[in-house]
Amino acid sequence: MRFALRIGYDGTAFYGFQRQPDVRTVEGELIRALSKLGIIRDAESSNFKGASRTDRGVSAIFNVVTFDVASRPDLVRAEVLNHHLRDVWVLGVAEVPDDFHPRFQARSKIYRYYLIDEGFNERDMRECAALFAGRHDFSAFSRLEPGRDPIRELLRVDVIRRQGYYLIEIEGKSFLWEMARRIVNAVRLCGLGLMESREVEGMLEGKYGKKVPPAPPEGLILWHMEYPDVEFQVDERGLKKAKRDLFERYSRALTRAALFGDALLEL
């Protein structure tokens with residue numbers, strides 16, 4: 001049997017998604033728990049695969065991993081797994097075909113980035129963001145790995161205004177390393193008047209001397225992945241721990257924000 005898990009995690013607790021020796025990663029935490037419970041023997045024999053290798057500091061509420069079960073399929077439940085995981089939460093479970101690969105069979109991904117309002121010109125932000133939609137060479141907006149095709153297609157880049165901050169939502173079929181964060185920083189720089197849309201347009205045409213640096217990873221979250229033929233089953237008891245952990249993080253962050261906000265007003 002092959003299972004897929006919809007997972008969420010606090011990216012600030014890990015050195016990225018992909019397993020690495022001697023550091024804590026999202027994959028490593030999942031494999032540790034699954035092996036401890038006897039659900040898999042190891043990553044290799046279970047054909048363990050992940051959908052998106054998010055960078056260090058990047059969070060998610062919808063990433064997907066798949067694996068073949070060696071034994072105890074009855075334990076592949078959010079309620080059981082979340083009891084053994086730290087900083088990672090199972091948010092849904094689905095049985096999938098033996099050849100299912102979470103990266104290749106995803107129809108699209110949505111990333112969200114949260115930007116504190118620095119006095120942006122919203123019109124300039126939107127004008128810049130619109131340039132990224134469609135099929136382009138994103139060499140100037142990514143950290144290219146050897147052999148990776150820099151051509152990618154984005155379905156949309158939306159700028160959404162909230163009270164005191166902006167939400168940049170990016171949807172695409174696949175992403176290059178640091179691509180989402182570099183796009184966000186370009187939108188930010190345009191909003192501050194430090195870049196112009198025509199510069200961004202030129203960079204997408206290959207006319208650039210240096211690349212746009214990435215925005216900090218802590219503001220980015222993998223928000224959704226589209227799998228038209230997969231239905232993830234959610235149980236409320238399994239979600240209870242995830243909701244409690246997320247609320248604790250929210251409370252701590254809100255307390256710190258209030259503290260520093262009052263300090264700014266006092267100065």
Side-chain angles (χ1 to χ4, degrees), residues 4-34 43 48-67 78 81-82 84-92 102-103 106 108-116 141-143 145 157 160 162 165-172 174-185 187-188 212-226 232 238-239 241-257:
L5 304 180
R6 173 192 169 184
I7 59 168
Y9 46 86
D10 176 3
T12 64
F14 298 98
Y15 283 79
F17 179 86
Q18 192 172 17
R19 59 187 180 275
Q20 305 172 51
D22 305 321
V23 295
R24 190 165 182 251
T25 68
V26 177
E27 271 193 337
E29 176 68 9
L30 286 162
I31 291 165
R32 178 196 64 78
L34 292 167
F48 187 97
K49 303 292 182 185
S52 183
R53 297 178 296 170
T54 51
D55 294 338
R56 179 180 179 179
V58 177
S59 300
I61 62 164
F62 204 128
N63 204 343
V64 175
V65 298
T66 57
F67 51 87
L81 294 170
N82 286 343
H84 293 272
L85 290 165
R86 291 186 299 118
D87 306 308
V88 180
W89 309 285
V90 174
L91 305 176
R103 177 158 58 97
S108 69
K109 299 178 185 177
I110 297 175
Y111 281 97
R112 283 185 169 186
Y113 197 98
Y114 292 77
L115 275 178
I116 296 297
F141 300 95
S142 64
R143 185 174 172 183
E145 298 172 272
V157 180
I160 304 164
R162 298 275 180 87
Y165 67 94
Y166 282 87
L167 177 64
I168 313 299
E169 193 165 273
I170 307 172
E171 182 174 7
S174 64
F175 289 78
L176 298 164
W177 193 4
E178 297 182 349
M179 178 174 152
R181 292 196 284 133
R182 290 175 188 260
I183 289 171
V184 166
N185 206 24
V187 173
R188 172 182 170 271
V212 173
E218 293 80 11
L220 185 65
I221 184 168
L222 178 53
W223 192 253
H224 185 73
M225 301 189 72
E226 187 67 31
F232 290 95
L239 287 177
K241 181 177 184 294
K243 290 178 178 179
R244 184 174 67 247
D245 287 352
L246 285 168
F247 183 77
E248 288 175 0
R249 284 164 169 78
Y250 169 76
S251 299
R252 289 199 300 268
L254 195 61
T255 299
R256 296 287 284 173

Sorted by chain and number, sequence neighbours left out, salt bridge (Lys or Arg N to Asp or Glu O under 4.0 Å) with Glu145 holds for Arg53, Arg148
Residue list, salt bridge (Lys or Arg N to Asp or Glu O under 4.0 Å) with Arg86, at least two apart or on another chain
none
Output the distance between atom [atom1] ([X]) and atom [atom2] ([Y]), rounded to the nearest 0.5 Å.
X: Arg249; Y: Leu254; atom1: CZ; atom2: CG; result: 15.5 Å
X: Glu178; Y: Arg143; atom1: CD; atom2: CZ; result: 5.5 Å
X: Tyr15; Y: Asp55; atom1: OH; atom2: CG; result: 14.5 Å
X: Asn185; Y: Ile168; atom1: CG; atom2: CD1; result: 11.0 Å
X: Met225; Y: Tyr111; atom1: CE; atom2: OH; result: 7.5 Å
X: Glu226; Y: Ile110; atom1: CD; atom2: CD1; result: 7.5 Å

When you compare the side chain of [Y] with that of [X], does any pair of heavy atoms fall below 4.5 Å?
X: Leu239; Y: Trp89; result: no
X: Ile170; Y: Tyr113; result: no
X: Arg181; Y: Pro217; result: yes

Which heavy atom of [X] sits nearest to which heavy atom of [Y], and what is that distance?
X: Asn63; Y: Ser52; result: ND2-O, 2.8 Å
X: Ala51; Y: Lys109; result: O-NZ, 3.7 Å
X: Gly8; Y: Leu91; result: N-CD1, 3.9 Å
X: Ser108; Y: Glu171; result: OG-OE2, 3.1 Å
X: Gly50; Y: Glu27; result: N-OE2, 4.3 Å
X: Ala215; Y: Val184; result: CB-CG1, 4.2 Å

Name all residues meeting the side chain to side chain contact (heavy atoms under 4.5 Å, CB included) criterion together with [X]; count only those two or more places apart in sequence or in a different chain, and write none if there are none.
X: Ala13; value: Arg24, Asp87
X: Thr12; value: Asp10, Glu218
X: Phe232; value: Ala4, Arg6, Phe62, Val64, Ala94, Tyr227, Val230
X: Leu167; value: Arg112, Tyr114, Ile160, Arg162

Derivation and outcome, side-chain contact (heavy atoms from CB on, under 4.5 Å), residues Asp245 and Asn82
CA-CA 11 Å; Asp245 287 352; Asn82 286 343; over 6 Å; no
Thr54 vs Tyr9, test: side-chain contact (heavy atoms from CB on, under 4.5 Å). Steps then yes/no.
CA-CA 11 Å; Thr54 51; Tyr9 46 86; 2.6 Å; yes
Exercise: do Thr25 and Gln20 side chains pair donor with acceptor under 3.5 Å:
no
Residues, nucleotides or ligands: over 12 heavy atoms within 6.0 Å of Phe48 CZ
yes
Between Val58 and Phe17, is a side-chain contact (heavy atoms from CB on, under 4.5 Å) present by the stated rule, with each step listed?
CA-CA 9 Å; Val58 177; Phe17 179 86; over 6 Å; no
Please determine whether side-chain contact (heavy atoms from CB on, under 4.5 Å) holds for the pair Val26 and Ile7, giving the CA-CA distance in whole Å, both sets of side-chain angles, and the decisive distance to 0.1 Å.
CA-CA 10 Å; Val26 177; Ile7 59 168; 4.1 Å; yes
